[in-house]
Amino acid sequence: WVLVRNSPREHAWTNFAEQEMLDPPTTERPRMDQTAPTLFLTPAALLSFTMMLLYIFASTFQDQFYVNWLPKYLTDYKGFDKTDVGVYVPWVLLGGALGGIIGGVLNDHLIRLTGNRRWTRSLVAFSDKLIGACLVLFSMQFEDGRHVMIVLVAVRVFSDWSLPTQWAAVTDMGGRAAATVFGIVNTVGALGGFVAG
């Protein structure tokens with residue numbers, strides 16, 4: 001609220017020369033503050049967008065497990081007390097943060113390597129959920145809750161490595177209307193969270 005604006009033209013700390021240098025008007029692109037963002041979806045883009053929404057909807061289920069059900073699972077089925085839950089559950093969140101970093105680096109590297117954003121992002125998104133699902137099945141082989149938690153941290157790393165890819169795809173699809181697309185994506189994710197319960 002204090003530092004960030006949508007355009008340098010809107011920021012009180014920039015002078016006219018800086019505004020012209022950072023956000024110059026062109027014949028191809030009007031100034032950002034002159035036109036409202038519009039979202040145009042071709043049939044192919046609409047299909048991609050629909051697939052992304054289904055992906056987001058389903059991805060929310062694993063988030064709901066970690067946030068709402070993992071502590072109960074650990075206490076009721078793995079014999080953890082509340083102190084153990086407080087020690088182990090935050091590692092899952094750290095695994096998600098690590099997965100986001102790994103996924104961002106992997107995504108950028110593969111895009112440079114292949115030159116194809118669409119297929120790279122699809123590969124990153126598909127592979128992370130596939131590996132995560134296989135690891136969830138693997139976690140069911142252990143009786144010791146500490147071993148289960150090690151696997152579930154790895155699940156979270158893989159499950160969250162597609163987040164930077166998702167955000168980049170939303171930005172690409174939405175262009176200047178990216179905020180609208182983010183709003184739609186977050187709404188569908190919230191609906192997924194509701195159904196996941």
Side-chain angles (χ1 to χ4, degrees), residues 3-4 45 47-71 73-74 78 80 84-142 144-175 178-179 181-193 195-196:
L3 297 176
V4 179
L47 176 63
S48 293
F49 186 56
T50 302
M51 295 305 293
M52 178 186 289
L53 293 178
L54 290 172
Y55 178 85
I56 298 297
F57 184 87
S59 292
T60 307
F61 280 62
Q62 60 105 12
D63 286 330
Q64 294 304 307
F65 170 74
Y66 282 116
V67 172
N68 296 316
W69 295 103
L70 181 59
Y73 169 72
L74 293 174
K78 294 301 176 185
F80 280 36
D84 290 336
V85 170
V87 168
Y88 286 100
V89 170
W91 284 98
V92 174
L93 300 176
L94 292 173
L98 178 63
I101 293 167
I102 292 170
V105 171
L106 179 65
N107 183 61
D108 291 347
H109 175 71
L110 290 176
I111 287 173
R112 281 192 299 273
L113 193 66
T114 66
N116 189 315
R117 284 191 285 181
R118 177 186 172 81
W119 290 109
T120 295
R121 289 181 180 157
S122 296
L123 174 68
V124 170
F126 179 76
S127 64
D128 83 318
K129 297 303 180 192
L130 179 64
I131 294 168
C134 291
L135 286 172
V136 166
L137 294 174
F138 181 63
S139 75
M140 294 177 189
Q141 307 304 312
F142 298 102
D144 187 333
R146 289 179 296 271
H147 296 142
V148 171
M149 283 305 301
I150 291 168
V151 178
L152 289 180
V153 169
V155 168
R156 189 64 183 217
V157 169
F158 286 104
S159 293
D160 279 5
W161 84 0
S162 70
L163 287 177
T165 298
Q166 292 172 18
W167 297 329
V170 166
T171 304
D172 284 350
M173 284 183 184
V181 177
F182 271 109
I184 294 168
V185 166
N186 286 339
T187 301
V188 169
L191 291 173
V195 172

Sub-4.5 Å side-chain heavy-atom contact between [X] and [Y]:
X: R121; Y: D172; value: yes
X: V92; Y: M149; value: yes
X: I150; Y: F142; value: no
X: S162; Y: D128; value: yes
X: L98; Y: L94; value: no

Heavy-atom neighbours of F61 CZ exceed 12 at 6.0 Å |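 Yes, CZ of F61 has more than 12 neighbouring heavy atoms, counting only those of other groups under 6.0 Å.
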Within a radius of less than 6.0 Å around CZ of F182, do more than 12 heavy atoms belonging to other residues, nucleotides or ligands occur?
->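 Result for CZ/F182: enclosed.
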From [atom1] ([X]) to [atom2] ([Y]), nearest 0.5 Å:
X: I56; Y: T187; atom1: CD1; atom2: OG1; answer: 12.0 Å
X: L135; Y: M140; atom1: CG; atom2: CE; answer: 11.5 Å
X: T114; Y: L110; atom1: OG1; atom2: CG; answer: 6.5 Å
X: S48; Y: R118; atom1: OG; atom2: CZ; answer: 3.5 Å
X: T165; Y: D108; atom1: OG1; atom2: CG; answer: 8.0 Å
X: R117; Y: T120; atom1: CZ; atom2: OG1; answer: 10.0 Å

Contact summary for [X] and [Y], nearest pair of heavy atoms:
X: V151; Y: S139; answer: CG1-CB, 3.6 Å
X: G100; Y: P164; answer: O-CG, 3.0 Å
X: S59; Y: Q166; answer: OG-NE2, 4.4 Å
X: A169; Y: M52; answer: CB-CE, 3.3 Å
X: R146; Y: F80; answer: N-CZ, 3.8 Å
X: P71; Y: V89; answer: CG-CG2, 4.4 Å

Kindly say whether [Y] contributes a backbone atom to a donor-acceptor pair with the side chain of [X] at under 3.5 angstrom?
X: W161; Y: V124; result: yes
X: Y66; Y: L152; result: yes
X: S122; Y: W119; result: no

Taking side-chain hydrogen bond (donor to acceptor under 3.5 Å, both in side chains) as the test, write out the residues that go with Y88, two or more places apart.
->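 Here no residue qualifies.
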For I184 and L53, what are the C-alpha separation, side-chain angles and deciding distance, and is it a side-chain contact (heavy atoms from CB on, under 4.5 Å)?
-> CA-CA 8 Å; I184 294 168; L53 293 178; 4.1 Å; yes
By ring pair (Phe, Tyr, Trp, His ring centres under 6.0 Å) - contacts of H109 (at least two apart) =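 Applying ring pair (Phe, Tyr, Trp, His ring centres under 6.0 Å) to H109 gives none.
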Name all residues meeting the side-chain contact (heavy atoms from CB on, under 4.5 Å) criterion together with S159; count only those two or more places apart in sequence or in a different chain, and write none if there are none.
->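 Counting only residues at least two positions away or on another chain, S159 forms a side-chain contact (heavy atoms from CB on, under 4.5 Å) with Q62, K129, V155.
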